[in-house]
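What follows is a single structure, written as structure tokens, with notes after it.
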Amino acid sequence: MQEAPGDPSGRPALDDLRGWEEHFRLAQEAGGIGSWEWDLTTGRMRWSAQMFRNLGLPPECAEASYDNLLAAAELEDRQPLEDSLDDLRRRPGPMRVEIRALWPGGDRHWIVFLGRAVGDATGRPVRALGITIDSTDRRRREEAAAAALLETERRLRELNEQLEELAEERARQLDASRAQIQAICDNSPDWLTLFRATADGRFVYEDLNPATERAYGISRHQVIGRTVEEILGPEPAQLPLRLMRACIATGENQRYTARRTMAGVTRTVDVMFVRVPEKYDGDWFIMATARDITEREQIEQQLRQAQKMEALGQLTGGIAHDFNNLLTAIIGNLELLAPRLARDRRGMRLLEAAERSAHNGAKLTEQLLAFSRRQHLQPRAVDLNEVVGNMHEMLMRTIGTGTEMLTDLTPELWPALVDPTQIEIAILNLAINSRDAMPLGGTLTIGTRNLPAGSEAAPSEIRDRDCVCLSVRDTGIGMPEEVLPLAVEPFFTTKPVGKGSGLGLSQVYGMLRQSSGSLWIDSEVGRGTGVYLYLPKAAGDVESEARRRKDLAPQLRGGRILVVDDDAAVREITVQMLRESGYGVAEAESGQAALDALSRGEVYDLIVIDIAMPGASGIETLRRARAKWPGLRALYITGYADAAGAMPDTGDDPTLKKPFRLGDLKTAVQQAMHREVSRQGAPVLQLRGRNS
């Protein structure tokens, strides 16, 4: 053992000893360990501060004494503690005792006493030393574990008794007669089938209950006496046969999930094989119990899809931010370049080709954001009949002359709550898919109808609300059953290479989910596909919504604008666009630079600010600015999918999504200029019509 530092004689210095003593005291308190010392000749005791705390006694109000020690213990534990202390008085040696101490407020704590008596030269105990440890947490864990074990044992006993009772009951029924088995099968809501295992290894249908007949659309007389291979077919029968043989050999229940077409409907069925306890005519019998789990499987599939979309959405949100910044600079510069090439035909063709490619990139980003449910939607009351009518000519050109287009539109259709641009894109995508699914021509039918709340025709996730259904049906080649669950997966397509991005249906699906709607696909190979879009009914009417948007049309006016963006290319093109539009413009590369400009007394009618920036974000910058200048108007710009989804809430301030064109920027700035800001920083829309 290393000696404590001290003087040359080897004796520790007093300061060093005090340091070691303080170190030891702190270590004890950190571990919740109290120490005590008892002079057995005088009866005096010394306790550490932690000792007082362990006993629930305030160090400043209590004294270390034998009586106080006994008084701290609960009444039932005082005698064991007193006996242990008496043993220390009689002979040197160790002691250990665990007692319960009642703390102020009625809180009970378990305290472990560990000590040892030290004797003099004659062996008579003269001094006792020891520690106390609060073992409450350990005791509580032990008690909880013991209680849990008892409860588990009780429940296992109950379950075992129930199983034994059930087994005995089934055994009695089977032993009584086959008639009793038949009665059970006839009255059970489960799909029950009885198989007989023959000596030559075959499994023969022995009986099935009415519930099975109804589910499968067959009668018992069609299957009784026939083998599993004859009814299911040689290949589909292999798995159930293997499991039934294992059930016979081991006596253990066997379980599997199967896809079965019952009464013309394909369902997912959970099947369990149970061996009948005794042999009968020398044969084993197997009882098969089946349940329809189609709906549960659909819910699980939807959950997995939602999780996948969320993970992919997080990835695309970040990609879209950077990509949209690049596209903003590209599209903006091309727009500003166009007037300079007006007389150069070849140059204009090249520029227009570049613009088309840039806009295609923007559309690709929109599609990625749509299936990930992160695009910025602007839902309003929309007349879907009017949308279909306005698109009729364009759809006819799109699908070509080889396809007949019909409409089945419900009169007095409710207004749907949806982004009008996104629903047009969805209809166009579905029409293109239908056209491609009918290479030899066919019929495309677009329909609408109202579905009141509670309608069985609506999917369960939207069934509790009034909704509007828009359907696009074709007579094309259809999709096989295994393809249907993958149809809305991003980048999944059955089209040849170069004929489709695989984002059309996923974009529709993402838009519907973000619009609180639902999607249903019904398809069969050789008979065509129907895609059904379910959207919430809008609270308002279409006319009033259109009138409101017309009333809010902005009026041109000049002003001074501060552009704040950390991306130099985006900042530069935004400044150039605004200057081309007649505004006075200053720029700042960060939130702090913008605040510095405002602090210098520079006055602006509007601040155009990027949401996501290093350091102070656009939202934080505006919050700090409005604390000093509460009337400051703002227009957020963002390369993220949705400022309210991927970024913090922007409140009522308008947001312009990148990439934007010159016209988009003009409109957004004009609208933002017409907003007044309350003293609390909440924007108020100011109407400037003729009657203002």
Any heavy-atom pair between the side chains of [Y] and [X] that's under 4.5 Å?
X: Leu451; Y: Val468; answer: no
X: Leu384; Y: Ile427; answer: no
X: Asp383; Y: Pro415; answer: no

Asn385 and its side-chain hydrogen bond (donor to acceptor under 3.5 Å, both in side chains) partner, picked from Thr410, Asn390, Thr448, Thr407: Thr448
Contacts of type salt bridge (charged side-chain N to carboxylate O under 4.0 Å, His left out), residue Arg202, not counting sequence neighbours: Asp200
Pairing residues for Asp270 by the salt bridge (charged side-chain N to carboxylate O under 4.0 Å, His left out) criterion, not counting sequence neighbours: Arg255
Face-on cation placement of Arg275 at Trp284 ring, 6.0 Å and 45° thresholds: yes
Phe273 and Phe195 aromatic ring geometry - parallel, tilted or perpendicular at 30°/60° bounds: perpendicular
Pair Asn160-Glu164, side-chain donor/acceptor within less than 3.5 Å: yes
All side-chain hydrogen bond (donor to acceptor under 3.5 Å, both in side chains) counterparts of Glu230, not counting sequence neighbours: Thr227
Which residues share a side-chain hydrogen bond (donor to acceptor under 3.5 Å, both in side chains) with Glu158, sequence neighbours left out: Arg154
Please report, to 0.1 Å, the donor-acceptor pairs under 3.5 Å made by any side chain of residues 529-536, with sequence neighbours excluded.
from: Thr529; atom 1: OG1; to: Ser523; atom 2: OG; distance (Å): 2.7
from: Tyr534; atom 1: OH; to: Ala457; atom 2: O; distance (Å): 3.4

Residue pairs involving residues 520-537 (criterion salt bridge (Lys or Arg N to Asp or Glu O under 4.0 Å); sequence neighbours excluded): Glu524-Arg527
